[in-house]
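Numbering of ligands and ligand atoms starts at 1, following listing order. Computed from a prediction, not measured in an experiment: that's the story for all the values here.
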Amino acid sequence: MAQLLGIRIKNFKSLADVTLGQIGSETGDPLPSMCCFIGPNGCGKSSLLDAFGFLSDCLKEGVEAACDKPQRGGFQKLRTQGSSSPITFLLSYKVLGSTEPIVYIFEVDEINGIPIVLSEKLVILTKQDHKGVILALEQGKGIVLIGKKPHDVSLEDKGRLGITTLGQLSEHPHIVKLRTYVQNWYLSYFIPDAARKLPPTGAQKHLDRTGENLGNVVQYIQRNHKERFERILEQIRKRIPGIQKIETQQSPDGRLLLKFNEDGYKDPFYQQSMSDGTLKMFAYLLLLEDPDPPAFIGIEEPENGLYHKLLEELAGEFRTHAESSKTQILITTHSPYFVNALTPEQVWLMEKDENGHTQVKRTADMPVIKEIIEGGIPLKSLWYSNHFHEPRVRDAGLPARLLLKFRIHAGDEGNLRIEPENISSL
Ligand SMILES: Nc1ncnc2c1ncn2[C@@H]1O[C@H](COP(=O)(O)OP(=O)(O)OP(=O)(O)O)[C@@H](O)[C@H]1O
Ligand SMILES: [Mg+2]
């Protein structure tokens, strides 16, 4: 297990150069256990989540297969338009139980129309700020540390990451840990229709990306972790009115049925008849009760299909789970209710600049927002309001404290809108 301290992404879609958290031993706060990204349509939220997906696919399947996934459409569509530099990722992380940050950087470029790993580096930063190079490759050739000695290495396939190949070998413990860590990331793109399919029976430990194996995971938890399953049922009963019981059942042709008993009906309903939101809430609860949770969970817009009053509670649960376990959770959302359960240290605002490149700012680093939150106004009230962009405050040339006279009224989305009263008269 490891903790992500920071990430830098270059030339990936609109993320021309984005840094989050702490990179290496530089100053800046490490990413917290719960990170939430908000911002207008097209500002780069899905691209950020896909950057994690891309990295993980590069590790599992090689860079060409990762670029050519249907949702990505090839290297040229992925590289920031107008740039001719490689797509670059820098991960800064800490293995649990160790204090030394480790930095992993790799660059992907296209040579003769084929995406390859241009370079790759794994460096451990010791307390004395000494940089211990564990792996350094240029187009598959370079050195890897075994014990304390660097050894020459030459990889056959320039489309595969060195950490994929070398991470299979126990003589490279740092590489094995990185490979295991990234391989274990869980990115959720829950699709209710996928969860409605009838998978073959067979218990499975972890939910897959789309939720297609929902029934298999239920089978596993029900069988091996009865008390966890009872907790899930209790939670779902509280949230989805009328649900009594959920069980698995095998169909005559060996497929797995999820049986939902509801108040007022004698016969059960099966997954095909259940609502999108019920299936989604059930999937998230299963994820939160995973007895062996992944080190990193990424979720795109969990609010879709869920009743808005459940969202703040769900966000609170994600947050508690992240803060009390070794799992880091990254979420993108359009929901002010979701954001309300979080602190400004856990929320980032994404926007595009005049070049169409994504800029990201932690809300805790926006002085006005920090002061307002400290004054007791909930975070949800702020983020839909167009009046709260730090540059505007700067443009007006006003010190933040002068803006602390506000008029509060109901906004279009049912959230509060807050407008400075004194800005025009000054
Ligand atoms: N290769 C590229 N170079 C630069 N920008 C790109 C590239 N590919 C896509 N984009 C930009 O990224 C945008 C899509 O970003 P993304 O899907 O991450 O937005 P989002 O914040 O998730 O939006 P929504 O809230 O609508 O889901 C596109 O509209 C386009 O402007
Ligand atoms: Mg999106």
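The 12-atom threshold is exceeded at CD of Gln71, counting heavy atoms of other residues, nucleotides or ligands nearer than 6.0 Å. Open room surrounds CD on Gln81; 12 or fewer heavy atoms of other groups in view lie less than 6.0 Å from it.
Distances shorter than 4.0 angstrom occur between a heavy atom of Glu301 and an atom of ligand 1. Taking a 4.0 Å cut-off on heavy atoms, Met350 fails to register as neighbouring ligand 1. Distances from ligand 1 to the non-hydrogen atoms of Gly44 include at least one value under 4.0 Å. The closest approach between His334 and ligand 1 falls below 4.0 Å for a heavy atom of the residue.
Ligand-side atoms of ligand 1 in range of Thr80: 3 (N), range being under 4.0 angstrom from any heavy atom.
Taking the six-membered ring where tryptophan is involved, the planes of Trp185 and Phe296 are tilted, since the angle between them lies from 30° to 60°. Relative ring orientation between Phe318 and Phe338 is described as tilted, the plane-to-plane angle lying within the 30° to 60° band.
Looking at Val339 and Ile38, their side chains come closer than 4.5 Å, going by heavy atoms from C-beta outward. Taking the side chain as every heavy atom from C-beta outward, Gln222 and Glu247 approach each other to under 4.5 Å.
If you check which protein heavy atom lies closest to atom 24 (P) of ligand 1, you get Asn41 ND2, 3.6 Å. Atom 9 (C) of ligand 1 has Lys13 CB, 4.3 Å as its closest protein atom, hydrogens excluded (heavy atom only).
Nearest to atom 28 (C) of ligand 1 by heavy-atom distance, out of Glu300, Lys352, Gln81, is Lys352. The residue from Gly42, Ala16, Ser47, Ala51 that puts a heavy atom closest to atom 19 (O) of ligand 1 is Gly42. Comparing Ser46, Ser14, Cys43 against atom 10 (N) of ligand 1, the shortest heavy-atom distance belongs to Ser14.
A side chain to side chain donor-acceptor pair (under 3.5 Å) with Tyr104 is found for one member of Lys121, Glu120, His174 and no other, namely Glu120. When Arg228, His225, His206 are each tested for a side chain to side chain donor-acceptor pair (under 3.5 Å) with Asp290, only one passes: His206.
The Mg ion (ligand 2) has no N, O or S atom of Ser47 closer than 2.8 Å.
At a 4.0 Å heavy-atom cut-off, ligand 1 touches Arg79 through the backbone alone.
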